[in-house]
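Since the structure comes first, as structure tokens, the remarks are kept for the end.
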Amino acid sequence: MKRLVHCLLLAAFCALLLGADFDKRFNDLGHKMMCKCGCNQVLLECNHVGCSYSERMRDELTTALQRGDSDDLVLQAFVQKYGATVLAAPTTTGFNRVAWIMPFAALGLGIFAVVYVVRLWKARQPATITSAAAAVELDEYRQRARQETEL
Amino acid sequence: MPAFGSYSLLLSLALSVYCFVVGALALLRPRTPRADRLGETARRAGMGIFLALSCAMLALIAACFQNDFSVAYIFHHSNRDLSPAYKFSVLWSGQEGSLLFWAWLLSAYGLVLRWRHKVDTRLVAYAGVIVAAVQVFFTLLINLAANPFAMMVGDLPADGNGLNPLLQYPEMVIHPPMLYLGYVGFTIPFAFALGALIMKYPGEKWIHITRRWTMVTWLFLSCGISLGAHWAYSVLGWGGYWGWDPVENASFMPWLTGTAFLHSVMMQEKRGMMKMWNMWLIFATFLLAVFGTFLTRSGVVSSVHAFAQSSIGPWFSTFLALIFATCMFFFVRNRKHLESENKLESLVSRESSFLFNNLVLLGACFAVLWGTLFPVLSEWVQGTKITVGPPFFNRVMTPITLFLLLLTAVGPLLAWRSTSWESVKRNFTIPAVLAIAVAVLLIALGWKPWQEMSQFYSMMAIALSVLVAATVGSEFLRGARVIAEKTGSNLLAAMVQLTRRNTRRYGGYIVHVGIVIMIIGFAGQAFNTDTEKELGQGDSMSIRGYTLVLDSYTQDDNPNYGSESAIVNVFQGGKKIDTLFPERRFFKASQQTATIVANRSTLKEDLYLVYAGKSETDRPILKAHVNPLVMWVWIGIWVLIAGTGIALVPNAAPLAVRQPSRAQAAAVEVGD
């Protein structure tokens, strides 16, 4: 009897876990795909009445998950059926990788360029200020900096 | 009325051409009384454009109110039973009308510019000619390619197709004008910048002249974007306010470059640096404003806003190429005029923080542009079209935004020219400890940043927002303490005085606070949840502590639309806390439906109900969302507006000090 109760509890726990996993996967995958009705919205966010695609596509997603297909397999099947535009974001393979890399590469390059240029300018400046005029100018700047930052 | 409108359009084209050609001729000639008189005629012609376009616009509105369906535009975008408020919005609901509206707004800006020409007549004359050149393009467009007064062919229809149901919402009456005021307004700083470059205008005076123009324009654009987000949240019924649609992206890009410009002009004003950078920033902002229109009107990219493919794409691409070529030509010719008076001396300085902030804002702009155009590039390279939707933008833009937040926190702690690391560490310690404490508190409250990336980003966003708020707060406190000490006033009064003494600086800080409040709101998205259920009378559904019970549903009808509403009682902890009425409307003329969302909004979360229609068994389908922290987004926008408003107010007079020993000082000098 005790063993039976343990088994039932374990089964219930597994069912709960599976249910949670199913919902999460449905939600994740549903947000990785676009509705194909032409509304240009993510599958799970397409909500207009009379949409001829969203309900059918959600049912297909549910069926695929119940069948036990992996995420990759589900996405692949949808791409085969509806074309590459069904995916809400570019894949990380082939030329599509450029889409992901480019923004960060551009930003990184920009930061590198700024750091390089500032260091270059800094290196070209005279190490010490010799003239009295320059010293006066520096005092003015110090005064201004104090006003602006220290009040 | 259509004939009157058409003639007004033609007149506006003639006046624009006159203003541009004669204005340019007057500037090219040596300065003589005769050239001045010629320039004056151009200026008056420029003011006349406003009158001509106002007549055209009024003619279109009148045709709409008269239900004149002989005008194709009115037939396609209006109907007899449309309410008067929305008859005005017909003006910007379609391509031809919105281009007329664009041209009219530009003429209104031009009118103010030419009216206030005494600031610096020569520079204003240059700016006026450049504005006229832009005006020529738009008046050409509405006369030749997208005429709002084009007539219907064949039998006259009895009623129109009606206004797009999505546009029949109060915010839609003000959202497009706000957005357009933002888009079009950037023409003025652009014209001043190009004019200053052409005439090798000495000093930074053009920036002082255009500062208010730029800030007001930026404020309009911010309000326009925010209203659009609020409209999307209230009408589209998918539970979100930003979907990274190309039309949304088009408005966001000039906002990002405009923000970068507003920051970097301070470098030019204070230290005579970044002159080339600023010039190109304002050029880019204007180009992006025009490019946004091209993007959404040409059909190059598909958009949820359903703007059909049209023939005006080539017009815009030619115009963009012409603007770019003109900017490049004068930049190459006069670039020596833009050489910096000073150079960056340290990586740890206020200057470099502005520069990095600019870089990140431009990086964000590039990422949005890149994502928007990548489908076109992919089709060109691979032969297959792909989608670049919200998952891409969210993943790319979130780290960039977090980096920007970090810079926003560090920037105010740095001094001009150079700051020692010790000083940074000293000023940074308390805000950093506060931010870490908040992160620890969030984990203690049950956030699991190690499990999900979205939760990690949300936690970082909130912690960094606290960091920014703490640095801004310490700046206020530091300044207020000095003032309180010198004037004997309390700390709060001292803070008000401090802000009034340097509205630009402290108004700017308030804008930063607004942005961080918004970011806290965005962070809530990681915990959004939703559920959907068919509900019969008395049935209930549950979502995150709320129990929703369908009391009944009701129907209504008016000449324009029929509607169905669900009456839903909301319970929490067994106690009734509210009744919500999600609604669905069916518009008769266009035969289309629209959602009116019911929303119970608190600081903690929104309970967002959508009446998604009826099932096959005739039972209402309700979709419920719980979206945490959304109200923070709208509060942040109000703070941003308040901060910009403060920054626009002129500084108050210096403070009189209390202590007799310091009386000779006469005034307390504070801030920049």
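Basis for what follows: all heavy atoms, side chains included, without hydrogens, waters or symmetry-related copies. Every chain is numbered from 1, with letters handed out A, B, ... down the list of sequences. Quantities reported herein were computed from a predicted structural model and do not represent experimental measurements.
- Of the possible donor and acceptor atoms, none in the side chain of Trp238(B) sits under 3.5 Å from a partner among the backbone N and O of Cys46(A).
- Here the closest heavy-atom approach between residue Phe95(A) and residue Gln382(B) is recorded as CB-OE1, 3.5 Å.
- Looking at Ala99(A), the atoms closer than 4.5 Å to chain B (heavy atoms on both sides) sit in the backbone and in the side chain alike.
- Note that CD of Gln41(A) and CG of Leu236(B) are 6.5 Å apart. Values are rounded to the nearest 0.5 Å.
- More than 12 heavy atoms of other residues, nucleotides or ligands shown are found within 6.0 angstrom of CZ on Arg56(A).
- Across Pro391(B) and Trp100(A), no two heavy atoms sit closer than the pair O-CH2, 4.4 Å.
- Atom NZ of Lys32(A) and atom OG1 of Thr387(B) lie 15.0 Å apart (nearest 0.5 Å).
- With a 4.5 Å cut-off on non-hydrogen atoms, Leu87(A) touches chain B through its backbone but not through its side chain.
- The candidate from Thr384(B), Leu355(B), Val360(B), Val381(B) with the greatest count of non-hydrogen atom pairs under 4.5 Å with chain A is Val381(B).
- With a 4.5 angstrom heavy-atom cutoff, Met102(A) touches chain B via backbone and side-chain atoms both.
- Side-chain contact check for Ser352(B) versus Val114(A): every heavy-atom pair is 4.5 Å or farther apart.
- Contacts between Glu452(B) and chain A at a heavy-atom distance below 4.5 Å involve the side chain alone, from C-beta outward.
- Distance CD1/Ile386(B) to OG1/Thr85(A): 9.5 Å, rounded to 0.5 Å.
- Neither the backbone nor the side chain of Arg481(B) comes within less than 4.5 Å of any heavy atom in chain A.
- Among all heavy-atom pairs drawn from Val396(B) and Phe104(A), the shortest one is O-CZ, 3.6 Å.
- Proximity to chain A is absent for every atom of Phe393(B), based on heavy atoms less than 4.5 angstrom apart.
- Looking at every heavy atom in both residues, Leu44(A) comes nearest to Lys623(B) through O-NZ, 3.3 Å.
- With a 4.5 Å cut-off on non-hydrogen atoms, Val117(A) does not touch chain B at all.
- Summarising the geometry of Gly363(B) relative to Leu107(A), their closest heavy-atom pair is CA-CD1, 3.9 Å, with the distance given to 0.1 Å.
- Heavy-atom contacts from other residues, nucleotides or ligands closer than 6.0 Å to CD of Glu55(A) number 12 or fewer.
- In this structure, CG on Leu109(A) lies 10.0 Å from CG on Leu359(B), to the nearest 0.5 angstrom.
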